[in-house]
Amino acid sequence: MFSRVRSQQGVATVGAVLLAYGIMVLAGVFGWVVPFAVAGLVAISGEVALATRFAETGALLQKAGLGLVWRRLTRDLSVVLLIVSAVRPGLAGTLGVLLLPAALWTVAVGTTALTKIVDGRADTPAFTRNIDLGALRRVPVPPVWAQRLAGLRLPLLNVLLVPAAVVAALVDRVSPVVVTGLVTLAAGVVTAAVLALTWLRGRGKAPGVLPAVHDWLARERPEVALYFAGPAKDVYQANMWLAPIEAAGHRAVVLLRAEDAFHELADTRLPVVCVPAGVDFMNLDLGSIRVALYAANVGANIHMLREPGVKHVFVGHGDSDKQASVNPYSKVYDEVWVAGPAGRERYARAGVGVLDRDIVEIGRPQLAGVHTFGSESADRPFTVLYAPTWEGWLDDDPYHTSVVLMGERIITGLLATGGVRVIYKPHPLTGTRSKKARAAHERIVARIRAAGGDPDATSLDGTAHLVVTGRLPALFDCFNTTDLLISDVSSVVSDFVQSERPYVVANPAGLPEDEFRRTFPTARAAYLLSADCGELAKVLTLTRTGDDPMTEARRELKEYLLGPAGVNPVDRFRGEIDRLCG
């Protein structure tokens with residue numbers, strides 16, 4: 001409701017601004033000072049609102065060909081028309097009023113070019129963490145005020161011409177507009193001069209980050225690389241491998257390709273290098289790397305895959321029954337590492353070109369800290385974790401996630417059950433593709449808030465219901481405070497089986513039980529939940545009283561999904577790294 005009202009106000013503001021500019025031009029033609037002043041006040045106030053409160057609505061004007069440049073030119077034109085018709089300054093005065101805004105626009109175009117040159121030289125070609133690069137050569141950068149004022153922001157100063165034109169018309173003299181125009185032009189010239197001096201000072205200098213990174217690689221000679229070329233929203237895929245690689249005992253480095261992902265990467269003791277440009281990355285000397293681990297299938301992987309002498313291994317970001325777990329792209333790697341026999345059989349059934357001999361079962365080293373059944377203190381409320389997956393890349397698949405069709409029913413049923421604590425931790429990408437998923441997610445959060453829950457939880461302490469959407473608390477930490485998981489067909493289910501605790505898999509499409517379990521092997525030991533959530537009360541009763549008939553099935557499924565019991569997956573992971581490093 002609030003979004004709709006806000007949108008209506010934004011559209012009204014756009015209409016008022018465009019009408020005001022039309023009146024300013026008309027008033028300028030006929031020399032009407034008061035209408036010009038009123039319309040000018042409305043136009044300027046509307047521009048402020050479009051730049052702040054209604055920025056998204058204002059962006060639509062740009063798409064319609066009525067962007068900021070067009071509106072500023074219209075404002076300048078109306079000022080010139082008012083002076084010519086109301087003051088009648090003569091030929092010299094008219095030329096002066098025309099030339100001053102034109103000169104400022106010329107300076108603005110010039111500073112735009114200078115800004116691109118200066119920014120291009122000052123851009124950091126690489127970002128690092130936990131690496132001592134020594135003293136670096138620094139490229140001069142212009143002061144903040146010059147950066148903010150440069151380019152097409154300069155004509156913003158011409159807003160001062162509107163009140164100056166009103167004053168000039170009232171006193172019947174052109175001087176207020178001339179003086180104001182000269183002041184704005186002087187500001188533009190000073191800005192251009194500062195940018196030019198910055199460019200001259202930096203001429204011949206180049207950022208020293210890349211050479212220092214080259215020196216570090218030659219000096220430290222890392223053997224193992226975790227390569228991730230995805231954006232910040234997907235960086236959780238790389239985060240889950242940081243701790244296992246730290247524990248592997250080899251010289252390692254994290255190689256990233258997106259600056260936003262670099263800033264969102266979780267805390268780690270590993271050295272981190274981010275080189276966004278493909279040419280810069282391919283010029284790195286990575287000859288010491290023996291093993292490259294890939295957490296995601298993305299196009300920019302090619303920049304690392306082209307490195308000879310490296311064993312390229314796809315480790316993914318969780319085994320599941322989703323189609324993404326058997327992506328045909330996987331056959332480009334030397335090896336594909338899966339958790340257990342389920343992963344091997346999944347590739348065999350899919351027939352996507354990954355050879356059985358290239359598949360290695362390593363378990364899930366990330367799960368070493370997940371407590372098994374009965375190891376957690378019972379001195380807390382019965383806790384249900386609802387951790388649905390996201391809507392996926394196809395908006396027209398209503399059954400990919402339970403959030404849209406079932407999420408509210410699940411949360412409402414849990415909240416209505418006495419003695420149950422709810423933790424809601426949706427997939428990080430929930431609502432990024434589907435408006436329906438985003439709306440359902442927001443309604444779920446509102447219900448938990450209304451029940452006294454914390455909608456922005458950063459800790460699992462206490463007994464209140466929680467909404468966990470940040471990086472912390474981590475999913476595996478949530479596992480350790482959970483008595484029952486409700487999720488979708490996703491890697492969350494496979495990982496939770498490590499705990500041997502009961503879990504529920506949503507079946508929003510209403511497939512027959514035998515068909516669902518056959519299609520999705522991770523659900524073999526799950527309780528199933530249909531779209532109407534009619535089974536929820538019975539599942540809660542069974543799991544809360546300890547009369548849980550699925551206990552033995554979960555133990556058997558655990559070995560199928562995650563590998564043999566009693567074998568430390570951290571040791572398995574380390575052993576495979578040792579093997580490839582020779």
Side-chain angles (χ1 to χ4, degrees), residues 123-131 133 207 209-210 213 216 222 224-247 252-278 280-281 284 292-301 303-304 314-318 324 365-366 369 387-393 423-434 437-438 441-442 445 454-460 466-479 490-492 495:
D123 281 346
T124 303
F127 306 87
T128 64
R129 190 194 300 181
N130 302 330
I131 294 176
L133 297 181
V209 176
L210 272 178
V213 169
W216 180 86
V224 179
L226 172 62
Y227 180 90
F228 182 73
K233 66 181 179 63
D234 297 333
V235 78
Y236 69 92
Q237 300 169 353
N239 287 339
M240 67 174 61
W241 288 104
L242 297 176
I245 293 173
E246 286 181 9
V253 62
V254 179
L255 299 175
L256 303 178
R257 301 299 308 283
E259 182 183 352
D260 59 350
F262 171 81
H263 294 300
E264 291 298 320
L265 189 74
D267 293 338
T268 178
R269 296 192 301 272
L270 296 171
V272 182
V273 176
C274 174
V275 182
D280 289 339
F281 182 85
L284 293 178
L293 306 176
Y294 300 80
N297 287 314
V298 294
N301 284 5
H303 296 150
M304 186 71 198
F314 181 68
V315 292
H317 48 275
Q366 295 88 348
T389 191
W390 70 303
E391 57 270 23
W393 293 112
I423 300 176
Y424 171 53
K425 185 173 177 59
H427 191 285
L429 299 181
T430 296
T432 57
R433 291 276 295 173
S434 166
R438 182 167 63 251
H441 162 74
E442 291 172 351
V445 173
D454 182 354
D456 300 296
T458 58
S459 170
L460 296 171
L466 304 177
V467 177
V468 179
T469 54
R471 194 170 68 214
L472 298 174
L475 178 63
F476 298 154
D477 293 328
C478 293
F479 283 178
S490 74
S491 62
V492 171
D495 288 345

**Report entry** Audit row: L255, F281, side chain to side chain contact (heavy atoms under 4.5 Å, CB included) steps and yes/no
**Finding:** CA-CA 9 Å; L255 299 175; F281 182 85; 4.1 Å; yes
Heavy atoms, side chains only, cut-off 4.5 Å: are [X] and [Y] in contact?
X    : Y    : answer
R471 : N239 : yes
F262 : R129 : yes
H317 : D234 : no

Give me the atom names and distance for the closest heavy-atom approach of [X] to [Y].
X    : Y    : result
P231 : A261 : C-CB, 3.9 Å
P222 : W216 : CG-CZ3, 4.2 Å
A126 : V213 : CB-CG2, 4.4 Å
L242 : A266 : CD1-O, 3.9 Å
V468 : P426 : O-CD, 3.6 Å
P125 : P276 : O-CD, 3.5 Å

Query raised in the report: In a check of side chain to side chain contact (heavy atoms under 4.5 Å, CB included) between L270 and each of V224, I245, I131, which one passes?
Result: I245
**Report entry** Passing candidate, side chain to side chain contact (heavy atoms under 4.5 Å, CB included) with K425, options V492, L466, L475
**Finding:** L475
Requested in this report: Mind running side chain to side chain contact (heavy atoms under 4.5 Å, CB included) on Y227 and H303 for me, showing each step along the way?
Outcome: CA-CA 10 Å; Y227 180 90; H303 296 150; 4.1 Å; yes
Query raised in the report: According to the salt bridge (Lys or Arg N to Asp or Glu O under 4.0 Å) rule, which pairs have a member within residues 255-268, sequence neighbours left out?
Result: none
Report task. Begin with the C-alpha distance, continue with both residues' side-chain angles, and end with the deciding distance and a verdict on side chain to side chain contact (heavy atoms under 4.5 Å, CB included) for T432 and E391. Result -> CA-CA 8 Å; T432 57; E391 57 270 23; 4.2 Å; yes
Does the [X] side chain pair with the main chain of [Y], one donor and one acceptor, at a distance under 3.5 Å?
X    : Y    : answer
W241 : G316 : yes
N130 : T268 : yes
Q237 : A296 : no

Report task. Under the ring-ring contact (aromatic ring centres under 6.0 Å, His included) rule, collect the residues that match up with F314, sequence neighbours excluded. Result -> Y333
**Report entry** Contacts of type ring-ring contact (aromatic ring centres under 6.0 Å, His included), residue Y236, not counting sequence neighbours
**Finding:** H427
Could you grab the distance from atom [atom1] of [X] to atom [atom2] of [Y], nearest 0.5 Å is fine?
X    : Y    : atom1 : atom2 : result
W390 : S490 : CH2   : OG    : 13.0 Å
L226 : L256 : CG    : CG    : 7.5 Å
Q366 : S491 : CD    : OG    : 10.0 Å
I423 : D454 : CD1   : CG    : 11.0 Å
F127 : L265 : CZ    : CG    : 14.0 Å

Query raised in the report: What pairs with A292 under side-chain contact (heavy atoms from CB on, under 4.5 Å), at least two apart in sequence or on another chain?
Result: Y294, M304, V310, H312
Report task. May I have the step-by-step check of side chain to side chain contact (heavy atoms under 4.5 Å, CB included) for V254 and F228, ending in yes or no? Result -> CA-CA 8 Å; V254 179; F228 182 73; 5.9 Å; no
Query raised in the report: Mind checking what makes side-chain hydrogen bond (donor to acceptor under 3.5 Å, both in side chains) contact with T469, not counting sequence neighbours?
Result: none
Query - Contacts of type salt bridge (Lys or Arg N to Asp or Glu O under 4.0 Å), residue R269, not counting sequence neighbours - result: E246
